[in-house]
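Scroll down for the structure; my scribbles are underneath it.
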Amino acid sequence: MPPEARTPVAVLGLGPMGSAIAQTFLAAGHPTVVWNRTGAKGDALVELGATRAPSAAAAIAAAPLVVVSLADDDAVGAALRDAGPRLRGRVLVNLTSSTPEQSRRRAEWAGHHDAEYVDGAVMAVPQGIGTPDALLLYSGSEGGYRTAEPALRTLAEQGTYLGADHGRAAAFDASLVSVFWLSFFGVSLGISLAEAEGIKGSELVPFAPAVVSLLPEMMARTAAQVEAGHYPAEDTSISSAYTAFTTLREVIARHGIDTGALDATGEVFRRALAAGHGADGLARLVPVLAGDH
Ligand SMILES: NC(=O)c1ccc[n+]([C@@H]2O[C@H](COP(=O)([O-])OP(=O)(O)OC[C@H]3O[C@@H](n4cnc5c(N)ncnc54)[C@H](OP(=O)(O)O)[C@@H]3O)[C@@H](O)[C@H]2O)c1
C-alpha cells in the first residue's frame, strides 16, 4: 500500500483484541493513535510506533477512522461520553461485542454527532487478527464501510459487509457465537466424561474431526429445512435421537457430572415429542425451541 493510502487510525481500547488490532494497523504502516482507560496497556504499542492519546476525545480528533474495541457497550458509553462532538465527519467502526439493539442505539447516537457508524463483529481470537483465518462482519453505514474498507482489510481479508441495518452484524455474531458457546460446553462435557471413564481428553482429540466436521453440513441442512418449513427425518428422527440422548444423559449422571445443560436440551426434545413431532427430523427442534409447537 503506498504511504499516502495509509489512513491514520485511532484505536480505543487496548485489551487483548484492541491491542492486536492496533498492532496490525501499525504493522501495515497506518499511523496509529491509541487510547485506553488504563494508559500503561499502550506501552508496548508506543514502542512499536503508536502515538498515545491522553483521552478518547484526543484520539478521535487525531484520525478520520476510529476503531473501538472495549469490553461491552457500557464501556463504549463511558469511554465516548464526552467525545461525541469530536466524531463529526469521522468513520466510527465499533468492534465491541454488543446486542443488535445496543448497536442500533449506538448508531443513532453517532448519527446525532454526524459520524458514519459501522458496527462490526470479530469472529476471531486476537492472535488471528491480520491472518487469513480472521473473519470480521460489518453492518451499518455503507459509505463509512467503503471508506474504511482498505484499512479494515488489514485486520481481516475476509471482511464482509452485511447491509445497512446497524444491528445486523451483532445479530450474525450472536447467532454464530451461540454455536461456539454450546460447542465449547459440549467439549467440556465430553472431556469430563472421558476423564470419569479413565480416558485422557487428549485421547479423544484424534477423533474430534469426525464429530466436528459434521457441523457445517448439519447447519446447512437444518437451515434449509427451517426455511422450507418441512422436516423430513433423513437420517434420524426426533424420537430415535431422544432415545440415544437419554442413554448419554444416564452415563453422565452416573458419574455425578452436572447434567443441567443436557436437561435443558431434554426438555426441548420432550416438548417436541408431546407436540407429536417424534417422526420428524431434528430440524423440527428449531421452531419448538422458539416456542412454536
Ligand atoms: N478476546 C477475544 O478473544 C475476543 C474475540 C472476539 C470478540 N471479542 C470482543 O472484543 C472486545 C474487546 O475484547 P478484549 O478481549 O480486548 O476485552 P477486555 O480484555 O475485556 O478489554 C476490555 C477493554 O475495555 C476497557 N474498559 C472496560 N470497562 C471500561 C470502562 N468503563 N471505560 C473505559 N474502558 C473500559 C478496558 O480498559 P482497562 O484496560 O482500563 O480495564 C479494556 O481496554 C469485547 O467486546 C469482546 O467481546 C474478543
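Start at 1 and go down the list; that is how both ligands and their atoms are numbered.
A donor and an acceptor atom, one from each side chain of His166 and Glu108, are nowhere located under 3.5 Å apart.
Here Arg146 pairs with Glu142 in a salt bridge; the nearest charged N to carboxylate O distance falls below 4.0 Å. A salt bridge does not link Arg168 with Asp119: every distance from a Lys NZ or Arg NE/NH1/NH2 to an Asp or Glu carboxylate oxygen is 4.0 Å or more.
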Between ligand 1 and the protein, which N/O pairs are shorter than 3.5 Å?
| from | atom 1 | to | atom 2 | distance (Å) |
| --- | --- | --- | --- | --- |
| ligand 1 | 16 (O) | Pro16 | N | 3.2 |
| ligand 1 | 16 (O) | Met17 | N | 2.9 |
| ligand 1 | 24 (O) | Ala71 | N | 3.1 |
| ligand 1 | 31 (N) | Arg37 | NH1 | 3.3 |
| ligand 1 | 39 (O) | Asn36 | ND2 | 2.9 |
| ligand 1 | 39 (O) | Lys41 | NZ | 2.7 |
| ligand 1 | 40 (O) | Arg37 | NE | 3.0 |
| ligand 1 | 40 (O) | Thr38 | N | 3.0 |
| ligand 1 | 40 (O) | Thr38 | OG1 | 2.5 |
| ligand 1 | 41 (O) | Arg37 | NH2 | 2.9 |
| ligand 1 | 43 (O) | Leu14 | N | 3.3 |
| ligand 1 | 43 (O) | Asn36 | OD1 | 2.5 |
| ligand 1 | 45 (O) | Leu70 | O | 3.0 |
| ligand 1 | 45 (O) | Ala71 | O | 3.2 |
| ligand 1 | 45 (O) | Ser97 | N | 2.8 |
| ligand 1 | 45 (O) | Ser97 | OG | 3.4 |
| ligand 1 | 47 (O) | Ser97 | OG | 2.6 |

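In terms of the ring pair (Phe, Tyr, Trp, His ring centres under 6.0 Å) criterion, residue partners of Phe269 (sequence neighbours excluded) are, by chain and number, Tyr242, Phe245.
Put simply, the side chain of Thr96 gets close to the backbone of Leu70: a donor and an acceptor are under 3.5 Å apart.
Because its NZ or CZ atom is not both nearer than 6.0 Å to the ring centre of Tyr117 and within 45° of the ring axis, Arg104 does not count as a cation-pi partner of that residue.
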